[in-house]
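A quick write-up on the structure given underneath.
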Amino acid sequence: MDAFGIDIGGSGIKGAPVDLERGRFAAERLRTPTPEESTPEAVSQIVSQLLDHFEVDASVPVGVAFPAPVHPGRPIGFMANLDQSWVGVDITAKLSEACRRPVHVVNDADAAGLAESLYGEARRHRGLVVTVTLGTGIGTALVMDGVLVPNSELGHLTMGKHGEDAERLAADSARQREDLSWKKWGKRLTKYLRLLEFYLSPEAFVIGGGVSKRHEKFFPYLEVETPVYPATLLNDAGIVGAAAFAASRR
Ligand code: BGC
């Protein structure tokens, strides 16, 4: 096994061994629903069980994609969609202790952006590529000529009449919560992507997250100048990127 990747999300915690040569799962992934009380204790236990399930040897690099800004060696300072008790926790130390080995933690959107720039569509672009993951929240990754600028957190730009958090209006969870048609949601996404386009002038957008596998439903409604591509790795990018990140830290 080259490396093992884990993606901690608002609805599921998923893990798989990763073939780093090809940027693909080396075996079928396992998904456990995120516990209702997604505390550090509960989540760490599931992460450790995933490693046990796949019998991951202690010598294998383990990477974890996490839905908050992550600064290695510093406690989590902001948490949008998991239990607030994560704030103040040094996640790298917490997970490494629970898993009885060093674990490398990276923001989930950054993991996806990294995977796309190593193995996916974004690999073909020079300049700034912005990966946007649409799920419970909105995650963003800025990759410039293949180099990640971490923790961009642009899902929390404000938009709309009342200056709402963009992810509240345009994440896939907003589409589901408000039962929006693909067209209506596509229009909201257009507004969001136009903001990013205005501030960053990227060469390309890559759209990831679970809903990216249904891209043909909403891409026709996206009206932006910048080319928009569905993530090549679809929803696997978090796991693959986390594994690649861990291997690069060894
Ligand atoms: C978090 C980001 C994360 C994104 C996607 C946002 O609410 O603040 O850190 O990347 O959701 O999970």
Side-chain angles (χ1 to χ4, degrees), residues 5-15 31 33-35 38 40 43 46-47 63-72 74-92 94-95 104-117 122 129-143 148-160 163-177 185 188-189 192-193 195-196 200 205-213 230-231 233-242 244-245:
I6 294 171
D7 191 4
I8 299 177
S11 59
I13 301 176
K14 298 158 280 183
R31 178 183 191 276
T34 306
S38 50
V43 169
I46 293 174
V47 168
V64 176
F66 191 68
V70 178
H71 305 270
R74 277 205 254 154
I76 297 289
F78 169 78
M79 185 73 248
N81 294 310
L82 291 182
D83 199 87
Q84 287 304 312
S85 58
W86 276 102
V87 174
V89 170
D90 178 340
I91 183 169
T92 304
K94 176 84 196 162
L95 293 181
H104 301 274
V105 188
V106 59
N107 171 263
D108 57 355
D110 284 345
L114 210 54
E116 292 294 328
S117 75
V129 175
V130 178
T131 298
V132 178
T133 65
L134 303 166
T136 309
I138 294 183
T140 56
L142 309 184
V143 177
L148 174 73
V149 181
N151 296 315
S152 51
E153 290 297 321
L154 299 175
H156 300 292
L157 286 178
T158 51
M159 65 183 251
E164 285 113 313
D165 210 292
E167 74 172 24
R168 185 77 198 151
L169 293 177
D172 190 42
S173 57
R175 179 185 68 81
Q176 295 179 34
R177 188 176 57 243
W185 185 57
R188 281 201 196 171
L189 267 181
Y192 175 63
L193 293 178
L195 273 181
L196 294 182
L200 299 169
F205 286 121
V206 176
I207 306 294
V211 75
S212 60
K213 56 176 174 287
L233 288 96
L234 301 174
N235 209 22
D236 299 349
I239 293 176
V240 172
F245 176 79

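This is a predicted model, so every value here is computed, not measured. Residues take their numbers from the sequence shown, with the count starting at 1. Whatever order the structure lists them in is the order used to number ligands and atoms, beginning at 1.
Listed by chain and residue number, His156 satisfy the side chain to side chain donor-acceptor pair (under 3.5 Å) test with Asp165 (two or more places apart in sequence, or in another chain).
Judged by distance alone, the side chain of Asn107 and the main-chain N or O of Ala68 form a donor-acceptor pair under 3.5 Å. A donor-acceptor pair is defined here as one N or O able to donate and one able to accept, closer than 3.5 Å; such a pair exists between the side chain of Thr34 and the backbone of Gly9. Under the 3.5 Å distance criterion, the side-chain polar atoms of Arg177 are matched with a main-chain donor or acceptor of Arg168. One N or O on the side chain of Ser38 and one on the backbone of Asp83 form a donor-acceptor pair closer than 3.5 Å.
The ligand atoms of ligand 1 that sit less than 4.0 angstrom from a heavy atom of Phe78 are 8 (O). If you number the atoms of ligand 1 from 1 as listed, the ones under 4.0 Å from a heavy atom of Ile138 come out as 4 (C), 5 (C), 6 (C), 11 (O). Taking every heavy atom of Gly139 and a limit of under 4.0 angstrom, the matching atoms of ligand 1 come to 4 (C), 5 (C), 10 (O). Taking every non-hydrogen atom of Asn81 and a distance limit under 4.0 Å, the qualifying atoms of ligand 1 come out as 7 (O).
The option from Glu167, Arg168, Met79 that lies nearest to atom 7 (O) of ligand 1, judged by heavy atoms, is Glu167.
In terms of heavy-atom proximity, Ile76 sits nearest to Phe66 at CD1-CE2, 3.8 Å.
The shortest contact between atom 9 (O) of ligand 1 and any protein heavy atom is with Glu153 OE2, 2.5 Å. Among all non-hydrogen protein atoms, the one lying nearest atom 3 (C) of ligand 1 is Asp108 OD1, 3.2 Å.
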Under 3.5 Å donor-acceptor pairs involving side-chain atoms of residues 131-143, not counting sequence neighbours:
from	atom 1	to	atom 2	distance (Å)
Thr133	OG1	Gly139	N	3.3
Thr140	OG1	Ser152	OG	2.8
Thr140	OG1	Leu154	N	2.9

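Between His156 and ligand 1, at least one N/O pair is under 3.5 Å apart. Some N or O of Asn107 is nearer than 3.5 Å to an N or O of ligand 1, by distance alone. Between Ala80 and ligand 1, a contact under 3.5 Å exists for no N or O pair.
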For Ile8 and Asp108, what are the C-alpha separation, side-chain angles and deciding distance, and is it a side-chain contact (heavy atoms from CB on, under 4.5 Å)? CA-CA 8 Å; Ile8 299 177; Asp108 57 355; over 6 Å; no

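Ligand 1 is approached by Ala68 to a heavy-atom distance shorter than 4.0 Å. Using 4.0 Å as the threshold, Thr136 has no heavy atom nearer than that to any atom of ligand 1.
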